[in-house]
Amino acid sequence: MTFYAPFCLPFILGAALMFIIVAWKWILWLLRLPRSDKRLILRGLFTHRTLGAAWEVVRESLLHRRIFRVNPLLGYMHMSLAFGWFLLIVMGWIETISYVGFRWVPLQGHVFFKYFATSLPHKPFFDFAMDLLLLFVLSGVALAWGKRLYSRAMGMRRTTKHVLGDRIALSALWFIFPARLVAESTTCALYGGGGFLTGSIGGWMGAHIGVLPLMNLETVAWWFYSSCLGLFFVALPFSRYMHIFTEIPLIFLRHYRLRSTEKHSSYDHFQIEACSRCGICIDPCQLQSVLGINDVQSVYFLRDRRYGMLTRPVADNCLMCGRCEEKCPVGIDLNTLRLNSRDRMRNVPDERRYTYLRGVDRSSGEGKVGYFAGCMTLLTPRTLSAMSTIFEAAGEEVWWADREGGVCCGRPLKLSGETDSARKMMRYNTELFRKHGITTLVTSCPICLKVFREDYDLPGIEVLHHSEYILRLIRAGRLSPTHGTTRYTYHDPCELGRGSGIYDEPRAVIEAVGELLEPASTRENALCCGSSVANLAISDGQQLQIARSVAAEMEATGAEVIVTACPLCKKAIGRGTRRPVVDLSEIVAASLK
Amino acid sequence: MAAINFGYTISKPRAIDLDRNNLRKSDEILHEMPELQTCIGCGACTAVCTAGNLTDFNFRRTHTLVRRGEYEGIYAEMNKCMLCGKCRLVCPRGINTRAVVMLVKRKLGDF
Amino acid sequence: MMKRRSWQEYQKEIADDNYYYARSCIRQNFFPGSEKAFIDILHNDLGKDLLDDPKHSSCTGIGYHSDIVPLETIMTVVARQFSLMNDAGYKNFVTSCITSFGIYNEILATWEEFPETEERTREYLYKATGREFRKPQSLAHTSDVVFHFREEIARRARHLLVNATTGEPLKVVEHIGCHYAKIFPKSGIGGSEFPYVLAGMIESWGGEVVDYPERRHCCGFGFRNYLVQANRGYSIANSHKKLESMAPYKPDFIVANCPGCAMFLDKWQYTIAEMEGTTYGENGHGIPVLTYEEMAGLVLGYDPWTLGMQMHQVDVEPLLDKMGIEYDPAAKYLGRNGKYIGKPASAVVNCCPTDTIYDIRE
Amino acid sequence: MKKRVIVIGGGIAGMQTALRLAEQGVEPVLIEKEPELGGKLRGWHVLFPSFTPAQEVLTELRRRVNDSGIECRMSAEVCSVSPREVVLSGGERLACDAVVLASGFTLFDASIKEEYGYGIYDNVVTSADLERMFNEGRVAKADGSAPRRIAFLHCVGSRDEKVCQQHCSKVCCVTGVKQAIEMKRLFPESDVFNFYMDIRMFGPGYEEMYREAQQTYNIHFVRGRISEASPTLEGRVQIKAEDTLTGRPLRMSVDMLVLLIGMRANDDNEQLARGAGLERARSGFMKPRDLFLGNVCSNIGGIFYAGTISAPKNIGESLNEATAAADAAARYVMQ
């Protein structure tokens, strides 16, 4: 057997082109990785990390476990297409081997085996197995069609709006498997064989269609099938389907501890092109659900960035609340990528700025515990006086870093993309903290907390959010709040919850002073108050709209008091409700009296 | 021509000359941020300012100068801002003050 | 045209004859030809009696405005001038300087309002010099006097303020010293807002007054502002503003009635040209600055070098050419005795590089 | 039989409406949720710009209401309103021929503006608190001593998007100046500072009073909005503002910070409007049918507005409007 027919040409060309382009991209990206990243890869290559990565590839790239967790139907759809197709290829390979033994068969020989194997005696097991797998894939294709027509049924309120390249690839993909079904069925009609699917359809066709039309149909069908494959392969590297291949190296690199940072690096390409544009990030976005803004979500951000058409309004309009990142099935560092896009747009290196910081020290008091209220906390004096009460009750000697106004932690500047300038502030505050010899740094502002933990170099200084600190005091018996009957509900600040992983401590503190009622969206799914400093675009009115929607959810719990642990959230939610909105420290301080 | 040093220079006129000032940049800024027009000039932003606490940065004055077409030195002035966002929390007109700082810096980078 | 007529509300009595003449410190030093021209015009052309008394002194106004001379001192000095006038038998005091004019007005008004200060001044004067004084019957600035006789001068005119080739009236910027009418509007012809003293002369002699936005702005002299070198930037900024404002009107020359203004509007043009390379007149040169006596002198047919016009920093030759006045270019820097008096360095504001006008071999 | 018009709210606007209705030969019924007539004016000391004691106006109005034998339902809360019937919260239904709503406004709650420290620091008070102190004859700091330095902050809860109050409350400027003068009269040695964004002196005698405050009482006016208040070691309040006229930040410690709180649309408006189908303005105040020719009429025939239910107003305006509303209601029921 030659394993060649003219109709194979589109497939052969398409596949060759695809492999060349994908290999070219990967090699380029890998070569351009910074030296430190390359070292990480080499160090991880021959360790258990590689195995872990391989197992994750199976779980995620084939089985799509994470999507399953978010949305089982959507998970099935993706799994049937990916895992089904994969099994078809593997099974096809085995089928070829079992028919012709271990000999070299060109690629198209495996793919179009049915066409070439008509003269061989049939093996019903493979006919059955291949038909079963085809059905599995076709069920996924059917779901994909359904999702396009009626996304709500798939549990998605919105789906992605695609670009032209995606549409071509998508259309090709949609037709690949139906075309295969028709092609194999006509061959079965002419030469017999086939399982319950192709065999039965073939039988029916043989009975109803003449031989000559069938022969013509066979040629057309195999040509069409091959063309669909070829077209899909050509479009793949330029479309969202690049994710099929890119997610694999991404998983490996991630296991080797490569990370995106506030500066753009070659690793970002793997993340960006690993986005399948599934659109799962659209629904959790409050800019979409509350404000109806539907062109800035992560999927569009990554798309625009990949094609080099990222605009400032898209990059700027994001709360960076992390709700989408939490849901992303590929696990892309969406916030970090957005951050380094902003860095590219706004950062001015080596700028002479903030020279006025030199020598400034407005701190007061002395103690091993330092308290950094944060700029925003200075506008919520109740938090300040509550913290003061708590420190006093616990008998803590405290060094107040910024009671008379300090220097910003640098996070807002970093979030807006002026990363190099932000470093100047970080350096200043680091020096200040070190100079005063503190061992613990407490802050009331989750924004500051995150940057202290992630970007500051503070050896020998433990950084705590005041919720963690208060809980410690309670557990150590240094604070004894009285348990009351007030029912509280708790709003997770983004930077504290998703940002720093602190969910339990504030809850434990609230439960120490009263009853806690959870709102509908809570913990990892908690809503953003809307006033995030990361969003550089939305107006005051839009912030208020989001705040109102959040407040409504909090009110719906029936709690008398809304508690949060971030000055910005407190201010924001307070605008949307008549109920009292208080900081965690306030309820603790009140319960001490 | 080699300029002679007389020991003094011609003092810049203090008047804001709206006949001479080119308001194109200012108009572009207002076009992108129309809400800036609603400023009452109450100065709460400046009073609350983290940078203003440490230096002479005056956001109200600076953005007002921009609106009058006085661009010289504005970039350096706006660069004193730490973008902490406190001012946005107190603005009675709800102006996105941080966006104003970034927009002005973007538009007036070459002044 | 309300503005045009509003000057008529501000009129004052100007004596017709018999003047006691008080000179100006600045003018005697920087353009002495103007004061000489005034005396000549009054004596020779108008046949008036005027006493140029060698005994009178500076009014000490510059010292007073620079906080060096106390009020009591300047009052006594002024009282002495009046006493000298009494001695000479004159009643009509005319002064060549705007600063002095302001000082005399201010002191007479102070004596009026606070008679005890006059009493004290009499006492001081008597103690210091043994003199007594009577206040003048009338007080005028010399530009008032020229204004008073403007029609008579027009009748005797040899040249008018018109372009000799086109017949078009010359465009003239007039500049009034601040202390002429801004302190006491009633003391100036036309008041402080629409002073008419120079405008009247220009109109009578065939010229056209340029009305430009910064017309009323000070030249910037400002005593302390000029006298302290570090402050001169403020001083020059004022002239700069005026020149910028008048330049688009393409004035043919500027005429001023104040010693400081005539000097600074002229000399600052040179400084600005050196500092910034900006010039305001035709062909990249300066705008000539004249005193009203020089303007009257040209109208009456005096020789420009006799009038002392070579003392200006900005060359006046283009203006003379325009008016069709004949002059000897080679005689520009020759004194009255025919000797070379020195010349300023060539500058942008000069239309004719001086070296080519007069080849000096020393 | 006499026509019956129910007047909701027994403040000055309500009382004046009832009096005028009675004059016109209509039978008014006054409904007041408090046990006595007078509304917000009961808490006021003297009135701008004449420094007339509020009691003088109040006593006279109450006496007239008493003398004319108008039926007053005290301590009665209204549940719903329609042109022909008013339902009280007890379930009692009162039939009528028209209704005049004169239920007034709600005072802005200053503790919402947390940065000013109301309810946190001892010596931060509102203008309403200060009036109460005047009435009690005991104006002092929390520790009982006399304030030496007093700051007034204008526009608290007015013209502020951050608390969703876009409108101008109109009377706080005048009140601020009046109270500043009163403080200065009480404590001649004290320094009084008024921090303002704009001073709006719209009524007869107001501008004169402002001038008097500057000239006679030497009250300082600083153009700038206070942004933060914080405590000092000596128990004073440190305030920060920008002195916008010099373009520099300003900070000072004061013994007392008075917040001139604004008028918010009455909290009950929403419920009333929903029940009766009345239109409300964006500010939450009731929206008159027409700002010029129907300013006391609602969009529903037979329901009329008097006083601050439809916008912030001063006492004179409220009284005038009450007369106009009564006339409109009388004309309506006589048809």
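Labels below follow one simple rule: chain letters A, B, ... track the order of the sequence lines, proteins then strands, and each chain is numbered from 1.
- Neither the backbone nor the side chain of A:Arg411 comes within contact range of chain B, judged by heavy atoms closer than 4.5 Å.
- Residue with the most contacts toward chain B among A:Cys375, A:Gly405, A:Ser421: A:Cys375 (heavy-atom pairs, distance under 4.5 Å).
- Heavy-atom proximity under 4.5 angstrom to chain B picks out A:Leu568, A:Lys571 from residues 566-577 of chain A.
- Across all their heavy atoms, A:Tyr354 and B:Asn79 have their closest contact at CE2-O, 3.5 Å.
- Only the side chain of A:Leu357 comes within contact range of chain B, with at least one heavy atom under 4.5 Å from a heavy atom of that chain.
- Between A:Pro412 and B:Arg98 the shortest side-chain heavy-atom distance falls below 4.5 Å.
- For A:Leu536 against B:Ala99, the heavy-atom pair with the smallest separation is O-CB, 3.6 Å.
- B:Arg93 does not touch chain A: none of its heavy atoms, backbone or side chain, sits under 4.5 Å away.
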- Message: Between A:Asp540 and B:Glu35, is the side chain to side chain contact (heavy atoms under 4.5 Å, CB included) condition met? List the steps.
- Response: CA-CA 10 Å; A:Asp540 186 63; B:Glu35 64 196 58; 5.9 Å; no
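- Taken to the nearest 0.5 Å, the CG atom of B:Leu83 stands 10.0 Å off from the CG atom of A:Leu415.
- When every heavy atom of B:Met82 is checked against every heavy atom of A:Val407, the shortest pair comes out as CE-CG1, 3.8 Å.
- Between A:Arg312 and B:Glu32 there is no salt bridge, since no side-chain N of the basic residue sits under 4.0 Å from a carboxylate O of the acidic one.
- Contact annotation for A:Glu404: only backbone heavy atoms (N, CA, C, O) come within less than 4.5 Å of a heavy atom of chain B.
- Here the closest heavy-atom approach between residue A:Met376 and residue B:Cys84 is recorded as CE-O, 3.0 Å.
- Inspection of non-hydrogen atoms places A:Arg346, A:Val348 of residues 341-350 of chain A under 4.5 Å from chain B.
- Neither the backbone nor the side chain of B:Cys91 comes within less than 4.5 Å of any heavy atom of chain A.
- When atom types are taken as modelled, the side chain of B:Asn96 and the backbone of A:Ile538 share a donor-acceptor pair closer than 3.5 angstrom.
- Of the listed residues (A:Glu351, A:Arg353, A:Gln543), the greatest number of heavy-atom pairs within a distance under 4.5 Å of chain B belongs to A:Arg353.
- Chosen from B:Thr55, B:Ile95, B:Val90, the residue pairing most often with chain A at heavy-atom distances under 4.5 Å is B:Thr55.
- In this structure, the separation between SG on A:Cys408 and NZ on B:Lys86 is 10.5 Å, given to the nearest 0.5 Å.
- Contacts with chain B were tallied for A:Lys424, A:Glu418, A:Arg362, A:Met425; A:Arg362 has the most, counting heavy-atom pairs under 4.5 Å.
- Atom CZ of B:Arg61 sits in a sparse spot, with 12 or fewer heavy atoms from other residues, nucleotides or ligands closer than 6.0 Å.
- For B:Met102, the part sitting under 4.5 Å from any heavy atom of chain A is the side chain, from C-beta outward, and nothing else.
- Proximity to chain B is limited to the side chain of A:Val360, based on heavy atoms less than 4.5 angstrom apart.
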